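Have a look at the structure below, then the notes.
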Amino acid sequence: MKIAIYPGSFDPVTNGHLNIIERAANIFDRLIVCVMVNAGKAPMFTTDERVALLRQVTGHLSNVEIDSSNQLLAEYARQRGSCVIVKGLRAATDFEKEFQMALINHKINPGLDTMFLTAEHQYMYLSSSAVKELGSYQVDLTEFLPEAIIPAFQARLNSTKK
Ligand code: ADP
């Protein structure tokens, strides 16, 4: 059974992330989407909230599991019996950092490879941080965020504005 891991911050999950999740779930037997806890970042949503939002939008995908971890990714993959990390590549700007991470992870865990799925053209510009900026203005977010999570996103924006 081929188990892949799709790691990220998912703060919050966007339509770009969801597109990668759906495509990867079609390729692998099982996909574990893992919210990686990053002590350096001050997130908009807690780890548990990000996990809950991801679960809300992936309920239709029976081979997708949502998890979180504060471990080293290469170590987490070993524990979960996965030999593939899935990453989305938006533009050349993602490439340098992702290439370096892939090499490091492979060095730490030689049984682990990284596969890149190219972003769909309509999501190439889309990142969680861009959506957070847009959210402060009166912009229709349905193109950027799964509809089911827009109320939670707007509620969080409103509560942080106060
Ligand atoms: P970001 O805050 O930039 O959205 P994440 O850490 O949540 O970053 O991203 C997790 C993974 O999803 C990374 O591999 C990233 O390249 C990928 N990704 C993020 N947004 C998109 C998108 N719009 N299309 C394709 N892949 C994406």
Side-chain angles (χ1 to χ4, degrees), residues 1-39 41 43-91 94-95 97-99 101-102 104-106 108-109 111-132 135 141-156:
M1 176 147 117
K2 284 278 175 242
I3 304 172
I5 294 175
Y6 178 36
S9 310
F10 306 106
D11 186 38
V13 55
T14 67
N15 286 336
H17 293 130
L18 193 54
N19 176 259
I20 298 288
I21 292 171
E22 285 171 345
R23 288 159 63 200
N26 258 329
I27 299 171
F28 298 101
D29 299 311
R30 187 165 188 78
L31 179 72
I32 302 170
V33 181
C34 187
V35 176
M36 303 307 289
V37 180
N38 182 344
K41 279 191 191 171
M44 179 179 200
F45 291 97
T46 66
T47 303
D48 287 348
E49 287 170 336
R50 283 178 272 160
V51 165
L53 292 174
L54 275 160
R55 289 204 175 120
Q56 213 178 322
V57 300
T58 56
H60 60 298
L61 301 166
S62 59
N63 63 338
V64 172
E65 173 190 334
I66 312 297
D67 193 14
S68 64
S69 173
N70 55 10
Q71 280 177 292
L72 199 59
L73 179 58
E75 208 40 60
Y76 175 79
R78 199 197 310 267
Q79 265 181 25
R80 297 301 316 260
S82 169
C83 55
V84 189
I85 291 172
V86 171
K87 288 290 189 111
L89 264 193
R90 279 162 289 191
D94 275 345
F95 182 78
K97 191 183 94 215
E98 295 295 352
F99 193 72
M101 284 308 302
I104 292 172
N105 284 325
H106 189 67
I108 299 170
N109 176 351
L112 186 62
D113 267 303
T114 303
M115 282 183 59
F116 296 99
L117 294 180
T118 49
E120 291 280 2
H121 64 93
Q122 71 267 41
Y123 301 131
M124 275 204 54
Y125 56 87
L126 183 55
S127 67
S128 299
S129 42
V131 178
K132 282 182 259 187
L141 296 174
T142 49
E143 247 187 81
F144 312 118
L145 293 179
E147 272 191 62
I149 76 155
I150 292 179
F153 178 77
Q154 265 159 350
R156 181 56 48 90

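A quick note: this is a predicted structure, and the numbers were derived from the prediction, not measured. Starting from 1, each residue takes its place in the sequence as its number.
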Looking only at heavy atoms, what is the nearest atom pair of [X] and [Y], with distance?
X: S68; Y: T47; value: CB-CG2, 3.5 Å
X: K87; Y: E98; value: NZ-OE1, 2.8 Å
X: V86; Y: A24; value: CG1-CB, 4.2 Å
X: M124; Y: A91; value: CE-CB, 4.0 Å
X: C34; Y: I5; value: CB-CG2, 4.2 Å
X: I20; Y: G88; value: CD1-CA, 3.9 Å

[atom1]-[atom2] distance between [X] and [Y], expressed to the nearest 0.5 angstrom:
X: M1; Y: F28; atom1: CE; atom2: CZ; answer: 12.5 Å
X: L54; Y: Y6; atom1: CG; atom2: OH; answer: 9.0 Å
X: M44; Y: E49; atom1: CE; atom2: CD; answer: 10.0 Å
X: R90; Y: L126; atom1: CZ; atom2: CG; answer: 8.0 Å
X: L72; Y: I104; atom1: CG; atom2: CD1; answer: 9.5 Å
X: Q56; Y: I66; atom1: CD; atom2: CD1; answer: 11.5 Å

### Task
Determine which pairs satisfy salt bridge (charged side-chain N to carboxylate O under 4.0 Å, His left out) with at least one residue from residues 13-31, sequence neighbours left out, and list them in order.
R30-E65

### Message
For Q154 and L141: C-alpha separation, side-chain torsions, deciding distance, then whether side-chain contact (heavy atoms from CB on, under 4.5 Å) applies.
### Response
CA-CA 10 Å; Q154 265 159 350; L141 296 174; 3.9 Å; yes

### Query
Can D67 and R80 be counted as an ion pair, charged N to O under 4.0 angstrom?
yes

### Task
Give the intermediate values and the outcome of side-chain contact (heavy atoms from CB on, under 4.5 Å) for residues F153 and F45.
CA-CA 9 Å; F153 178 77; F45 291 97; 4.2 Å; yes

pair [X]-[Y]: side-chain heavy atoms closer than 4.5 Å:
X: S9; Y: R50; answer: yes
X: L145; Y: P12; answer: yes
X: V13; Y: T58; answer: no

### Under 3.5 Å: donor-acceptor pair, side chain of N109, backbone of A74
yes

### Task
For K2 and I27, indicate whether the former's side chain and the latter's backbone hold a donor-acceptor pair under 3.5 Å.
no

### Task
May I have all residue pairs that pass side-chain hydrogen bond (donor to acceptor under 3.5 Å, both in side chains) and include part of residues 112-128, sequence neighbours excluded?
S127-S129

### Message
Could you walk me through whether F116 and D94 satisfy the side-chain contact (heavy atoms from CB on, under 4.5 Å) test, starting with their C-alpha distance in whole Å, then the side-chain angles of each, then the deciding distance to 0.1 Å, before giving a yes or no?
### Response
CA-CA 11 Å; F116 296 99; D94 275 345; over 6 Å; no

